[in-house]
Amino acid sequence: MLSRRFRSITFLLLFITGKAFSQNREEIDSLERVLSSATHDSTRMSALFMLGHAWLHSVPTKTLAYGEQVKALAEKSGNKRGTAMAYNLIGIYYTSLDNYPKAMENLVKALQIYEEQNDKRRLTTVCTDLGNVLFYQGNVKGSRPYYQRALNYSEEINFREGKAKAYHNLAGCFYMEKKLDSCLLFLSRHILICKDIGKTDEVKSALANLGALYASMGRNEEALSCMDSALAFSMRQHDSRNICRSMFDKAGLLTNMGREAESMVLYKAAIDSTFKLNDKDTREHIYRDLANVYADRKNFEDAYGYLLKSYRLRDSLHNKDVNKQVAEMNARYETEKKDKQILMKDAEAKQTATQRNGFIAGFALLALLSVYILRSYRQKKRANALLEQQKEIIEEKNKDITASINYASRIQGAMLPEKTGLENLFPSSFIFFRPRDIVSGDFYWFSEKEEHLLIAAADCTGHGVPGALMSMIGSSFLNQIVNEKTITSPSEVLNELNLQVMKSLKQSSAEGQNRDGMDISFVEIAKNKRRARFAGANRPVYVVRGAELLEVKGDKLPIGGYYSGTRNFTQKEIELQEGDSLYMFSDGYADQFGGEKGKKLMTKHFKNLLLSIQNFSMKEQGKILQEKLDEWRASYEQVDDILVIGIKV
């Protein structure tokens, strides 16, 4: 599975040129010498204009200052071309600040003057800058005509660097519009010109982009060739950062081609590079990709380990005390459990063999009865001593296993969102969360994206360590889908979550596949709290309004597990009123055994309980639900993980 970084971020951010200029110290020194010795205003304006460009990336305030100086000189001498240069420079300064209205205002003024003077060289630059402003705002269709104009002007005056830049930017537009063949054509033209004019850095980046493009088109061998070329360029230039990036991208492609063994070697080499570069962001992405590779290979222990490393690195700026040994927790648990079973069987077998031998020997050799009885006694004594020793070993191992799982519980708790975070979104709310074992297969999740408040309550297959593994996978995918891909529609979130789970667990056919997955309810609430959208996988959401409880049912479909039909989750709109209460939950509460007859509490009783506590605050409701459950359960064991979320609108 290709990483998200490989599919989009690496590719697109390198397409649009013009927003960042490298600061070349020698170039700046040279321009300042020209400026100090210049006697003509036109020469001074040109030097100031180029200095403004040179400082844009590192000290943008200097760009504005140089722009104002150019403007003052131009107005003093009545030089319209200089005035246009000033507007152009001020426009790109505001672009760097994402102040797009001011950027457009100044760039359009520059465009008008350049058009009056038919200055095609400057028109190439300002059209590129205008296209960038529109592209950065997501208006790809609006940016493309400006990039095309820049290309036309460059061709008219045979300005090869301008043509290379225009081909590059137009390729980016075509990619965003999903016109991949056109994107390929223009990117190839860009590479040819850059090679011809000796722009080695641009060739290196473009080859990496071309590899990503071929990969997205399914042309893997061509993608691999381009990535190898990009890697070779970087190695010849001793460019450590791009060597790391190229190894990362190539590893993602090899994974997609089913060559996981080769990809893992590259991933691990890239990890070493990130330590030398102190590039924690790339290392976190590699850990996440490796977790997916190991999950695809059904090596869930290592998958879990790399997933934890990813979370641990992501949280390292906030929590430096996370222990690095947790990655081995699940492997130790499974191995030591098997060791315990083997030790018990060995001890029982030895004891049985001793007793049987003594019994047979007694009947076969009556004359030697006393000798054999004594021998049997001694052997039994040794066996008992061995059993006692093995018992101590088993008890010690059980302590280690319990300690490991307790530590895993702390890690799972640290990875779950802070409950106070829900209180920040909904001051009147509660989360009742009680795992059956030390770690839980239930998990809760919430996030805020622009005008959307998003909450989920999930119940994964199993409980204990297997359930906790699934909960980590589910929580990670929700973060990717909502926080990175910015998908907020509940039905689309569940559709994408289902695809990710099925792909990571290889649930593509009915034969030989596991059925692991999860049930989940997912609600998106508008910030004005007057409308909600809901989608559910085998889970509903309850809305309590006064003395009425409205049940909004989800689809009778799970997340994950092989399913022969088409699986598309439906979305339901909920009109909210002030004072409405929303409840999301797993099935653990209603399925708990208890009462006088030892039966399940049942959904009907759970609904009646919710209706009966509406006069209490949300915090008090959470406490009452815990007390009522404990009263119902009494001496019965908890049968499942329990999760209930309550929100007052």
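Values below: every heavy atom of this structure, side chains too, minus hydrogens, waters and symmetry copies. Note that the coordinates shown come from a computational prediction; the quantities given were computed from them, not determined experimentally.
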Answer yes if the side chains of N99 and Y93 hold a donor-acceptor pair under 3.5 Å, and no otherwise.
no
So do N79 and L73 actually touch side chain to side chain, heavy atoms under 4.5 Å?
no
Please enumerate all residues that pass side chain to side chain donor-acceptor pair (under 3.5 Å) together with R121, with sequence neighbours excluded.
T125
Would you indicate whether D181, at its atom CG, is surrounded by more than 12 heavy atoms from other residues, nucleotides or ligands within a distance under 6.0 Å?
no
L151 side chain near K163 side chain, heavy-atom distance below 4.5 Å:
yes
Value for CG (L207) from SG (C194), rounded to nearest 0.5 Å, stands at 10.0 Å
Taking the side chain as C-beta and beyond, is there a heavy-atom pair between S273 and M247 under 4.5 Å?
yes
How would you list, by chain and number, every residue that makes a side-chain contact (heavy atoms from CB on, under 4.5 Å) with T124, sequence neighbours excluded?
A150, Y153, S154, F159
Mind checking what makes salt bridge (charged side-chain N to carboxylate O under 4.0 Å, His left out) contact with R219, not counting sequence neighbours?
E222
Is there side-chain contact between R245 and T282, with at least one heavy-atom pair below 4.5 Å?
no
Return the minimal non-hydrogen interatomic distance between G474 and L497, and the atom names on each side.
O-CD1, 4.3 Å
Check against side-chain hydrogen bond (donor to acceptor under 3.5 Å, both in side chains), N483 and S447
CA-CA 8 Å; N483 296 328; S447 181; 2.8 Å; yes
Does anything in residues 226-235 pair up under salt bridge (charged side-chain N to carboxylate O under 4.0 Å, His left out), and if so which pairs, sequence neighbours excluded?
D228-K250
Heavy-atom check, side chain of K141 versus side chain of M176, under 4.5 Å:
no
Pairing of R288 and E284 as salt bridge, 4.0 angstrom limit:
yes
Check this for me: does any side-chain nitrogen of one of K165 and E161 sit under 4.0 Å from a carboxylate oxygen of the other?
no
Between R122 and N88, is a side chain to side chain contact (heavy atoms under 4.5 Å, CB included) present by the stated rule, with each step listed?
CA-CA 9 Å; R122 296 294 179 184; N88 196 343; 5.7 Å; no
Can any side-chain N or O of Q117 pair as donor or acceptor with the backbone N or O of I113 at less than 3.5 Å?
no
Answer with yes or no whether the side chains of Y100 and D98 bring together a donor and an acceptor at under 3.5 Å.
yes
I'd like to know whether CE of M235 has more than 12 heavy-atom contacts from other residues, nucleotides or ligands below 6.0 angstrom.
no
Taken in chain and number order and not counting sequence neighbours, the residues that satisfy salt bridge (charged side-chain N to carboxylate O under 4.0 Å, His left out) with E116 are K80
Look only at the side chain of S246 and the backbone of I243, and say whether a donor-acceptor pair between them is shorter than 3.5 Å.
no
Residue pairs fulfilling ring-ring contact (aromatic ring centres under 6.0 Å, His included) with at least one residue in residues 186-231, sequence neighbours excluded
Y167-F186, H168-H190, F174-F186
Measuring only between side-chain heavy atoms, which start at C-beta, is E450 closer than 4.5 Å to K527?
no
Between CG of N106 and CG of L89, what distance do you get to the nearest 0.5 Å?
10.0 Å
Would you compute the distance between atom SG of C244 and atom CG of D249 and round it to the nearest 0.5 angstrom?
9.5 Å
Within the side chain of S36, is there an N or O that forms a donor-acceptor pair under 3.5 Å with the backbone of R33?
yes
Check whether S475 reaches the backbone of M472 with its side chain - one donor and one acceptor, N or O, closer than 3.5 Å.
no
Specify the closest pair of heavy atoms between V133 and L107, including all atoms of both residues, with the distance to one decimal.
CG2-CD1, 3.8 Å
Atom pair CG (L254) and CE (M227), whose distance is rounded to the nearest 0.5 Å:
8.5 Å
Looking at every non-hydrogen atom in both residues, tell me the closest pair between A230 and A208 and how far apart they are.
CB-N, 3.9 Å
Ignoring hydrogens and angles, tell me if any N or O in the side chain of N498 forms a donor-acceptor pair with the backbone of G560 under 3.5 Å.
yes
Using a strict threshold of under 4.0 Å (side-chain N to carboxylate O), is an ion pair present between R149 and E115?
yes
Provide the full list of ring-ring contact (aromatic ring centres under 6.0 Å, His included) pairs with a residue in residues 225-244, sequence neighbours left out, each pair given once.
none
Yes or no on side-chain hydrogen bond (donor to acceptor under 3.5 Å, both in side chains) for Q148 and N152, after CA distance, side-chain angles and deciding distance?
CA-CA 6 Å; Q148 185 63 53; N152 294 341; 3.1 Å; yes
With no hydrogens and no angle check, do the side chains of S489 and Q571 hold a donor and an acceptor under 3.5 Å apart?
yes
With H40, which residues qualify under side-chain contact (heavy atoms from CB on, under 4.5 Å), at least two apart?
S42, T43
Go through the structure and list residues passing side chain to side chain donor-acceptor pair (under 3.5 Å) with S46, not counting sequence neighbours.
none
What pairs with R144 under salt bridge (charged side-chain N to carboxylate O under 4.0 Å, His left out), at least two apart in sequence or on another chain?
E177
Knowing that exactly one of E496, Q480, E492 qualifies, which makes a side chain to side chain donor-acceptor pair (under 3.5 Å) with K485?
E496
Please step through side chain to side chain contact (heavy atoms under 4.5 Å, CB included) for the pair K449 and V482, ending with a clear verdict.
CA-CA 8 Å; K449 294 296 289 183; V482 175; 3.7 Å; yes
For residues 61-69, which side-chain N or O atoms pair as donor and acceptor with protein atoms under 3.5 Å away, sequence neighbours left out?
from: T63; atom 1: OG1; to: G52; atom 2: O; distance (Å): 2.8
from: T63; atom 1: OG1; to: L56; atom 2: N; distance (Å): 3.3

Can you tell me how far OG of S476 sits from CD1 of I481, rounded to the nearest 0.5 angstrom?
9.5 Å
Within-4.5 Å side-chain heavy-atom neighbours: N292 and Q500:
no
Look only at the side chain of N495 and the backbone of F569, and say whether a donor-acceptor pair between them is shorter than 3.5 Å.
yes
Does a side-chain N-to-carboxylate-O contact under 4.0 Å join D41 and K76?
no
Measure the CG-CG distance between N299 and L290 for me, rounded to the nearest 0.5 Å.
11.0 Å
Sequence neighbours left out, what passes salt bridge (charged side-chain N to carboxylate O under 4.0 Å, His left out) with R241? Give chain and number order.
D279
Are any side-chain N or O atoms of N139 and backbone N or O atoms of F135, one a donor and one an acceptor, separated by less than 3.5 Å?
no
Hey, does I92 have a side-chain heavy atom less than 4.5 Å from the side chain of H53?
yes
Could you please spell out the steps behind the side chain to side chain contact (heavy atoms under 4.5 Å, CB included) verdict for N209 and Y175?
CA-CA 11 Å; N209 289 339; Y175 181 81; over 6 Å; no
Donor-acceptor contact below 3.5 Å, side chain S225 vs main chain E221
no
